[in-house]
Amino acid sequence: MSILYNDHNRRFHLSTKKTSYIIEISEDGYLTHLHWGRKIRNFGSSQLLELRERCSFSANPDASKPILSLDTLPQEYPSYGNTDLRNPAFIVQLENGSTITDLKYVSHEILKGKPTLAGLPSTYVECVDEAETLEITMEDSLIGLKVILTYTVFEDHNVITRSARFANEGNEKLKILRALSISVDFNRNDYKFLHLAGSWARERHVEIDSLSTGRKSIDSRRGASSHQHNPFIALLSSEANEDNGEVYGFSLIYSGNFLAEAEIDQYQTTRVSMGINPFDFTWLLEKGEVFQTPEVVMVYSNEGIGDMSRTYHKLYRTRLCRGEYRDKTRPVLVNNWEATYFNFNAEKIEDIAKVGRELGIELFVLDDGWFGKRDSDNCSLGDWVVDKNKLPAGLDDLAKRVNNLGLKFGLWFEPEMISPNSDLYRKHPDWCIHVPNRNRSQARKQLILDLSREDVCQYIIKAISDVLKSAPIAYVKWDMNRNMTEVGSALLNAERQRETAHRYMLGLYRVLEAITSAFPHVLFESCSGGGGRFDPGMLYYMPQTWTSDDSDAIERLKIQYGTSIVYPTSTMGAHVSAVPNHQVERVTSLKTRADVAMSGNFGYELDLTKFTEEEKKEVAKQIEQYKSIRELIQFGDMYRILSPFEGNDTAWMYVSEDKNEAFIVYVQTLAIPNPPMKRLRLKGLDPNKEYLLEEQLNTIIGGDELMYLGLNIPEIRGDFKSITWKLKSVGL
Ligand code: DGJ
């Protein structure tokens with residue numbers, strides 16, 4: 001039993017294998033937070049909550065009880081206006097204009113398994129024994145507002161998920177102004193704040209900031225989770241590092257506007273809040289209606305950032321990603337984007353695919369430019385009809401020709417967009433997100449379809465399904481290349497205009513559910529100008545994401561390292577591209593490019609026909625090598641060893657679950673004259689096993705030696721050089 005309720009002291013004890021989370025219902029019905037952290041066996045008699053009278057500036061809801069102020073009470077889901085003056089978890093406006101609420105405990109239920117979240121992506125169980133769920137119903141009895149707080153405990157995974165559901169059971173219209181998914185109060189303030197920040201082409205760089213009294217937040221107001229901030233934060237205790245110390249991770253399963261914040265108050269406590277961004281958001285809750293917030297996946301570890309990451313990796317790989325490809329190794333692909341951009345025809349595609357076959361490539365992906373009159377990015381989005389000038393015999397013919405070469409065929413779409421220069425826009429100028437009489441600002445000469453509208457969603461489902469039915473398409477790259485501006489919908493009334501961005505996400509999720517379940521054999525990869533929507537929400541529908549438009553091997557070290565803080569390797573697309581690199585013009589060797597790209601779903605994104613015979617031999621070997629280790633890389637445990645954010649060297653490794661195999665990647669960014677001798681201390685191996693170093697035949701080294709003394713790194717000359725090692729335990 002991972003959820004226990006003690007009626008005597010009114011405490012809930014949620015426990016995983018290694019962690020405890022304790023909630024108490026106070027005498028006055030407030031839901032107080034007592035502990036989240038290392039597992040504690042029994043809380044029965046301990047005095048976890050000390051109530052003390054504080055200064056008069058922290059008001060008391062009950063005048064006869066000066067020891068109680070919500071301003072100082074650690075709470076599970078704080079209301080606004082009833083004495084807690086820190087960040088509230090939610091704000092609801094009544095018909096009389098007031099925004100004061102007062103939620104009290106009403107009842108609770110403990111369920112086996114995990115219910116789904118209506119309309120939203122979430123983690124799931126495959127059998128009810130995998131998790132238990134606690135639903136606590138809180139109520140503001142004056143207005144009939146119920147808030148159901150949901151906690152699911154994945155005992156074996158060491159994970160707790162949370163969300164909140166609002167139900168208007170009163171007699172008046174309520175307007176939600178803020179509805180976060182979680183609020184967690186910590187009784188300390190000595191934390192650092194880890195987040196993943198960036199921009200287009202340099203996504204998810206690790207930043208660790210110190211916290212001080214006040215608020216530190218990250219958010220997105222862009223209508224997508226964004227390149228700039230990932231919907232993830234972690235609090236790190238002051239001593240925490242990659243392998244040791246307490247860390248608390250918060251990951252939001254949502255692809256739109258979000259807020260994540262840590263607030264340190266006057267009494268040195270820290271409140272973490274996370275959920276849909278309240279900025280430019282409201283939601284009208286009519287009588288009888290329900291509003292569900294997205295889910296936050298919370299991971300505590302006292303074994304450092306690395307252990308937290310592996311916990312997320314395993315859960316997201318097995319209980320967030322879905323579909324046929326969840327447990328299947330991913331194909332080696334070639335994508336024609338950086339090879340041809342818009343300038344291709346059927347012969348060119350077939351030529352690239354022919355070389356692909358020689359090299360061992362398994363999937364050809366036809367990127368942007370195959371439809372409408374799309375010779376540049378200034379038109380045709382929305383017109384999902386093949387361009388007969390480029391592909392006179394159509395998609396079916398091309399896909400079959402590629403299939404006949406022994407490669408599967410994949411196709412690019414950007415379904416959520418509309419070009420002003422398109423037949424679709426000429427027919428339906430109101431179908432884009434816009435505000436009447438305002439400019440419709442373009443980005444990459446395109447506008448965004450209004451997915452808050454059901455007719456638009458149905459159009460997308462039909463248009464994309466028709467293409468997928470028309471040819472043997474085994475893979476889809478689902479792209480999205482701009483952020484929202486002038487946010488509004490032609491179909492929503494004034495009171496609901498500020499619901500547009502969230503309704504868009506709900507529409508997108510409906511569309512994705514419909515298309516991915518209608519085509520269960522297709523491998524879907526999401527993309528948003530690279531990693532502009534690399535988030536758990538998208539991974540629920542599509543088990544992999546194009547990590548970044550920056551495919552330079554050295555830039556990719558930071559991007560892939562940062563991405564791995566939360567997301568498993570099997571979710572990251574990584575390709576070898578041409579040199580000089582198209583994003584930064586850096587020249588790196590084919591080996592380094594492949595060594596880095598192999599730490600993901602491997603592929604090539606260049607014109608294979610331009611390879612010399614010597615390069616072809618090298619590439620064929622790379623592909624053969626990747627195929628022999630891809631299961632280990634895509635599904636093994638990842639250990640980060642050296643961070644590109646901290647020095648000139650980067651290293652990480654993958655270890656199979658049985659610890660019999662490992663693959664290590666090391667990259668030195670710049671050459672160093674007269675360098676020191678270096679050893680790489682490996683991680684995650686079995687200290688009692690002997691490992692054969694495949695690169696140096698007959699070299700057998702103990703797991704203990706490899707981890708405690710390290711692997712010798714030979715001298716490397718030249719910039720941007722990499723080494724990989726493969727270990728196999730002896731006796732296999
Ligand atoms: C942005 C993507 O990230 C690229 O990989 C490519 O598909 C282009 N869009 C095509 O327009």
Side-chain angles (χ1 to χ4, degrees), residues 198-204 222 224-228 230 255 333-344 348-349 352 363-384 386-387 390 409-422 442-449 464 467 473 475-483 523-535 538 542 544-552 555-556 559-560 563 571-578 581-584 593 597 600-607:
S199 173
W200 173 79
R202 50 183 165 79
E203 299 92 336
R204 290 171 300 286
R222 295 169 176 268
S225 50
S226 86
H227 295 91
Q228 287 72 13
N230 199 257
S255 313
L333 65 81
V334 58
N335 175 305
N336 73 310
W337 178 241
E338 288 199 11
T340 64
Y341 294 103
F342 295 101
N343 186 16
F344 61 83
K348 180 70 197 171
I349 298 305
I352 296 176
L363 166 69
F364 183 94
V365 179
L366 180 60
D367 211 282
D368 195 354
W370 58 268
F371 55 94
K373 299 186 176 68
R374 187 107 167 141
D375 294 327
S376 78
D377 61 10
N378 69 3
C379 71
S380 301
L381 293 170
D383 299 344
W384 299 109
V386 71
D387 178 358
K390 285 182 190 160
F409 182 77
L411 198 60
W412 178 98
F413 293 92
E414 196 176 356
E416 299 157 67
M417 297 291 148
I418 181 164
S419 306
N421 182 6
S422 66
Q442 296 180 25
R444 211 191 186 207
K445 303 181 199 76
Q446 63 199 54
L447 299 166
I448 304 182
L449 280 169
I464 304 306
V467 178
I473 294 165
Y475 161 106
V476 165
K477 178 174 173 187
W478 184 293
D479 205 351
M480 190 284 276
N481 282 302
R482 66 159 292 179
N483 289 146
L523 170 59
F524 286 86
E525 173 157 346
S526 82
C527 171
S528 173
R533 222 168 39 183
F534 201 134
D535 60 62
M538 297 309 284
M542 315 197 197
Q544 57 189 63
T545 303
W546 177 226
T547 312
S548 175
D549 272 350
D550 195 335
S551 52
D552 170 67
E555 289 298 309
R556 275 294 185 122
I559 296 168
Q560 292 176 201
T563 304
T571 64
M572 288 189 227
H575 302 168
V576 172
S577 60
N581 172 268
H582 292 196
Q583 292 77 41
V584 292
R593 280 176 276 156
N601 298 322
F602 187 54
Y604 291 78
E605 188 160 333
L606 41 67
D607 189 345

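Bear in mind that the values here come from a model prediction, so they are computed numbers and not experimental data. Both ligands and their constituent atoms are indexed starting at 1 by order of listing.
Closest of all the heavy-atom pairs between Asn601 and His575 is O-CD2, 4.2 Å.
Surrounding NZ of Lys373 are at most 12 heavy atoms belonging to other residues, nucleotides or ligands under 6.0 Å away.
For Trp478, the ring-ring contact (aromatic ring centres under 6.0 Å, His included) criterion is met by no residue, not counting sequence neighbours.
Applying the ring pair (Phe, Tyr, Trp, His ring centres under 6.0 Å) test between Phe342 and each of Trp370, Trp337, Trp412 identifies Trp337 as the sole match.
Counting only distance, with no hydrogens or angles, the side chain of Thr340 and the backbone of Asn336 share a donor-acceptor pair below 3.5 Å.
The protein residues lying under 4.0 angstrom from ligand 1, judged by non-hydrogen atoms, are Trp337, Asp367, Asp368, Trp412, Arg444, Lys477, Asp479, Asn481, Cys527, Gly529, Gly530, Trp546, Asp549.
Ser548 and Asp550 form no side-chain donor-acceptor contact under 3.5 Å, judged by distance and modelled atom types alone.
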